[in-house]
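Values reported hereafter were calculated over all heavy atoms of this structure, with side chains retained and with hydrogens, waters and symmetry mates removed. The shown structure was predicted, so the numbers you read here are calculated from the model rather than taken from an experiment.
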Amino acid sequence: MKNAPAVTIHYCSQCNWLLRAGWMAQELLNTFGDDLASVTLMPGTGGVYQISVDGVMIWDRKIDGGFPDAAQLKQRLRDHSFPDRSLGHSDGKKARH
């Protein structure tokens, strides 16, 4: 798809966060499906857990204080790449920026 966003999930393999990263990738693909160019899992070390879209960081475990839940991450991806899209019940009490 032309201009579709590419998501990268950079996770710490030493911390055994592959399952968490894989689950998050599945959640994003389930919600955004064909609207994404790719979701890439990138192993790393040192406690890294960062999610970026086209090189723009939308979640960093060390800055954001832990791991996102699926709804938080979907909202951040939506806000960055699909601002007019509704997420249905996940938008319930979402604060608009």
Side-chain angles (χ1 to χ4, degrees):
M1 175 183 234
K2 186 177 181 181
N3 298 323
V7 177
T8 301
I9 302 174
H10 190 190
Y11 67 94
C12 180
S13 58
Q14 293 173 320
C15 301
N16 294 315
W17 290 339
L18 172 60
L19 289 177
R20 178 187 305 271
W23 171 68
M24 205 53 67
Q26 180 179 337
E27 286 289 322
L28 294 177
L29 288 167
N30 187 49
T31 299
F32 297 98
D34 294 335
D35 294 331
L36 297 175
S38 63
V39 177
T40 302
L41 300 179
M42 186 170 77
T45 59
V48 66
Y49 194 85
Q50 300 172 328
I51 302 169
S52 60
V53 180
D54 295 329
V56 176
M57 192 75 55
I58 63 168
W59 190 273
D60 185 324
R61 182 187 68 82
K62 294 177 181 177
I63 293 170
D64 293 300
F67 300 97
D69 63 29
Q72 284 177 304
L73 185 57
K74 290 174 185 181
Q75 288 170 354
R76 288 198 184 185
L77 175 58
R78 184 275 312 274
D79 291 350
H80 180 271
S81 300
F82 310 104
D84 296 328
R85 183 177 186 152
S86 171
L87 292 175
H89 67 84
S90 294
D91 276 336
K93 296 180 181 178
K94 180 184 172 304
R96 282 294 206 192
H97 302 181

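Judged by distance alone, with hydrogens and angles left aside, the side-chain atoms of Ser13 form a donor-acceptor pair with the main-chain N or O of Gly44 at under 3.5 Å. Between the Gln75 side chain and the Gln72 main chain, no donor and acceptor come within less than 3.5 Å of each other. The backbone N or O of Gly46 sits less than 3.5 Å from a side-chain atom of Gln14, completing a donor-acceptor pair. Judged by distance alone, with hydrogens and angles left aside, the side-chain atoms of Asn30 form no donor-acceptor pair with the main-chain N or O of Gln26 at under 3.5 Å.
Stacking of Arg20 on the aromatic ring of Phe67 is recorded, both the 6.0 Å distance cut-off and the 45° axial limit being met.
Listed here is the closest heavy atom pair of Ala6 and Ser38: CB-OG, 3.5 Å. Of all non-hydrogen atoms in Pro43 and Leu41, the two that sit nearest each other are CD-O, 3.8 Å. Contact record, Ile9 with Ala25: CD1-N, 3.7 Å, taken as the closest heavy-atom pair. The heavy-atom pair separating Trp59 from Pro68 by the smallest distance is NE1-CD, 3.2 Å. Across all non-hydrogen atoms, the minimal contact from Met24 to Asp69 is CE-C, 4.4 Å. Across all their heavy atoms, Gly47 and Lys62 have their closest contact at O-CE, 3.9 Å.
One distance of note links SG of Cys12 with CG of Leu18; it measures 11.0 Å at 0.5 Å rounding. The distance from atom CZ of Phe82 to atom CG of Leu87, rounded to the nearest 0.5 Å, is 10.0 Å. Taking CD1 of Ile51 as the start and OH of Tyr11 as the end, the distance is 13.0 Å to the nearest 0.5 Å. Distance check: Arg78 CZ to Leu28 CG gives 13.0 Å after rounding to the nearest 0.5 Å. Interatomic distance, CH2 of Trp17 versus NE2 of His10, reported as 11.5 Å (0.5 Å rounding).
Cluster membership check: Val53 shares its hydrophobic cluster with Tyr49, using side-chain heavy-atom separations under 4.5 Å among Ile, Leu, Val, Met, Phe, Trp and Tyr. Hydrophobic clustering, with ILVMFWY side chains joined whenever heavy atoms are under 4.5 angstrom apart, groups Ile58 together with Leu29. Under the 4.5 Å side-chain heavy-atom criterion for Ile, Leu, Val, Met, Phe, Trp and Tyr, Val39 and Trp23 are members of the same hydrophobic cluster.
Put simply, the residue from Thr31, Asp35, Asp79 that forms a side chain to side chain donor-acceptor pair (under 3.5 Å) with Arg85 is Asp35.
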